[in-house]
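Computed from a prediction, not measured in an experiment: that's the story for all the values here. When a ligand or atom number is given, it counts from 1 through the structure's own listing order. Counting begins at 1 with the first residue of the sequence.
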Amino acid sequence: MAVFTPVSLQDLSSWIDQFPLGKVSAVKGISSGIENSNFFITTEAGEYVLTIFENLNFEQLPFYLKLMRHLADHGVLVPAPVANRDGELVVPLHGKPAAIVSKLEGSSQMQPQAVHCAAVGQMLAKMHLAGNSFPLFQKNLRASDWWHLTVPKVLPFISDDLQHLLRAEIHFQDAFEASAVYKALPRGPVHADLFRNNVMFSGEQLTGFFDFYFAGCDTWLFDVAVTVNDWCIDVATGVLDSSRVVAMLNAYHAVRPFSREESSAWQPLLRAAALRFWLSRLYDYYQPRDAEMLTPHDPAHFERILRLRESQSVPPLPVTQ
Ligand SMILES: Nc1ncnc2c1ncn2[C@@H]1O[C@H](COP(=O)(O)OP(=O)(O)OP(=O)(O)O)[C@@H](O)[C@H]1O
Ligand SMILES: N[C@@H](CCO)C(=O)O
């Protein structure tokens, strides 16, 4: 359903000439995805993904595309954007911004085992280190400034009990962000939405991270927390599965060792990561963008996760002896 802007082979026949890819012989709309119009295209140079951006504009997009290009150039498995003959990664198509990136092999692993979690943890740490030398800055646009703007928009729709939970967690996170521990956390470009449906695997082999359009600069540990909260849980209950958590954290730590401050920040950031997606899901549920055909994600899933991360101890981060 999610091709908002149709593209035909004829539309691409001369448009593609600006890229070093030869002629296009096939274009096929991709049905999953709710943000953008995506197509697999077959060119003389191979298979690629064409994205027409429906919400992000020409000013916002270079951060994401240049970050992907930078990471790909540093050996991180992500789709590599293709520049046109003027060196542009984002170009107009049907009046909207568009980009071509390399196609990742494989499919999403929706029932991950420890081996998949370890592969994700290792690549995530490589991504954070490689991002260190990326020169552009954009803040995480779904961080605490956004939480403060969004909470008043959802409060009128939710029960007293949920209002209390939401207000109390915001209060806790505000205090935590003012702490010396938080300020000492290492940070840089993060993916910020590294759910199972944004990673490709061929069997046990990770082939890439994609969908970088929530990326921004934030603490690296927040990125780890978002990832653990989706990859290492029992999906029905949100309870953490220790063996998958340990596999992911150990693999990450082997590439980029966690600091002492990060150990203290771990549980608060698992809570922050749960809050971020509870809030965005509440917002999408009560303030849908357009009626469209979209089924909003269930906010209660992250409400459950938030309550669990508040009330239960979590497997600690590994420490270097
Ligand atoms: N580089 C890529 N290589 C292979 N497949 C891709 C690539 N990019 C996107 N896809 C496929 O297209 C689908 C939709 O992409 P994506 O998840 O980025 O959609 P979206 O609408 O931009 O975002 P959202 O996940 O928020 O709905 C993915 O599930 C994946 O199957
Ligand atoms: N990963 C988000 C969707 C936006 O990418 C969620 O599950 O709420």
Side-chain angles (χ1 to χ4, degrees), residues 1-5 7 27-43 46-56 60-61 64-65 67-69 71-72 76-82 89 96-110 140-142 146 150 154 190-202 206-216 222-223 225-231 233 235 238 273-286 288-290 292-306:
M1 277 302 271
V3 170
F4 307 101
T5 307
V7 170
V27 51
K28 185 170 175 291
I30 304 176
S31 57
S32 66
I34 58 170
E35 286 285 331
N36 301 307
S37 300
N38 292 297
F39 307 84
F40 291 127
I41 58 172
T42 309
T43 73
E47 299 261 307
Y48 291 84
V49 173
L50 165 69
T51 300
I52 300 188
F53 297 95
E54 303 291 346
N55 298 309
L56 294 166
Q60 296 165 317
L61 280 162
Y64 306 106
L65 273 307
L67 176 60
M68 287 159 73
R69 184 71 252 175
L71 295 173
V76 182
L77 298 181
V78 299
V82 181
L89 300 177
K96 295 178 179 171
I100 295 177
V101 302
S102 59
K103 182 181 173 190
L104 302 172
E105 293 301 318
S107 55
S108 294
Q109 173 50 261
M110 299 307 283
N140 172 6
L141 299 175
R142 291 283 180 280
W146 182 83
T150 307
V154 304
V190 300
H191 184 288
D193 188 26
L194 196 60
F195 282 45
R196 287 161 292 158
N197 63 345
N198 286 333
V199 179
M200 292 293 191
F201 274 92
S202 282
L206 190 157
T207 58
F209 294 170
F210 64 102
D211 203 358
F212 275 77
Y213 304 110
F214 281 113
F222 176 76
D223 218 13
V226 168
T227 310
V228 163
N229 271 344
D230 187 66
W231 284 81
I233 58 166
V235 175
L275 171 68
R276 180 263 181 252
F277 287 97
W278 183 35
L279 192 51
S280 62
R281 286 181 173 203
L282 282 172
Y283 181 77
D284 289 344
Y285 192 85
Y286 291 111
R289 277 176 297 181
D290 297 315
E292 282 173 10
M293 68 301 265
L294 309 175
T295 312
H297 292 303
D298 177 20
H301 175 69
F302 275 105
E303 176 205 332
R304 274 193 294 279
I305 293 181
L306 177 57

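Close placement of the Tyr213 and Tyr64 rings is indicated, their centers lying within 6.0 Å of each other. Taking the six-membered ring for Trp and the full ring otherwise, Phe214 and His191 have centroids separated by 6.0 Å or more.
Distances below 4.0 Å separate heavy atoms of Met200 from the following atoms of ligand 1: 4 (C), 5 (N), 30 (C), 31 (O). When each atom of ligand 1 is checked for a heavy atom of Glu35 under 4.0 Å away, the hits are 20 (P), 21 (O), 22 (O), 23 (O), 26 (O), 27 (O). Ligand 1 places these atoms under 4.0 Å from at least one heavy atom of Pro79: 1 (N). Which parts of ligand 2 touch Phe195 is read off a 4.0 Å heavy-atom cut-off, strictly below it: atoms 1 (N), 6 (C), 7 (O). The ligand atoms of ligand 2 that sit less than 4.0 angstrom from a heavy atom of His297 are 3 (C), 6 (C), 7 (O), 8 (O).
Using a non-hydrogen distance threshold of 4.0 Å, Phe214 registers as a contact of ligand 2. Taking a 4.0 Å cut-off on heavy atoms, Ser102 registers as neighbouring ligand 1.
Remark: ligand 1 and Leu104 share an N or O pair separated by less than 3.5 Å (distance only, no angle test). The distance criterion of under 3.5 Å between nitrogen or oxygen atoms is not met by Asn197 with respect to ligand 1. Looking at Lys103 next to ligand 1, no N or O pair under 3.5 Å apart turns up.
Shortest contact from atom 5 (O) of ligand 2 to any protein heavy atom: Asp193 OD2, 2.5 Å. Protein heavy atom nearest atom 8 (O) of ligand 2, with residue, atom name and distance: Arg281 NE, 2.9 Å.
In this comparison of Phe53, Phe210, Tyr213, the heavy atom closest to atom 8 (N) of ligand 1 sits on Phe210. Of all the listed residues (Val78, Asp211, Ile52, Ile100), Asp211 holds the heavy atom that lies closest to atom 18 (O) of ligand 1.
Remark: the Thr51 side chain and the Asn36 side chain contain no N/O donor-acceptor pair separated by less than 3.5 Å. For the residue pair Ser202 and Glu105, no side-chain donor N or O sits within less than 3.5 Å of a side-chain acceptor on the partner.
Residues Val154 and Leu279 form a side-chain contact, since some pair of their non-hydrogen atoms from C-beta on lies under 4.5 Å apart. Side-chain contact check for Lys96 versus Phe53: every heavy-atom pair is 4.5 Å or farther apart. Counting only heavy atoms from C-beta outward, the side chains of Trp146 and Ser280 approach each other to under 4.5 Å. The closest side-chain heavy-atom distance from Phe277 to Asp193 is below 4.5 Å.
Under 4.0 Å from ligand 1, the heavy atoms of Phe40 that appear belong solely to its side chain. Contacts between Asn38 and ligand 1, counted as non-hydrogen atom pairs separated by less than 4.0 Å, involve the side chain only.
Counting non-hydrogen atoms of neighbouring residues, nucleotides and ligands closer than 6.0 angstrom, the OH atom of Tyr285 reaches no more than 12 such neighbours.
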| Given Val78 and Phe210, is the side-chain contact (heavy atoms from CB on, under 4.5 Å) satisfied, shown in steps? | CA-CA 6 Å; Val78 299; Phe210 64 102; over 6 Å; no
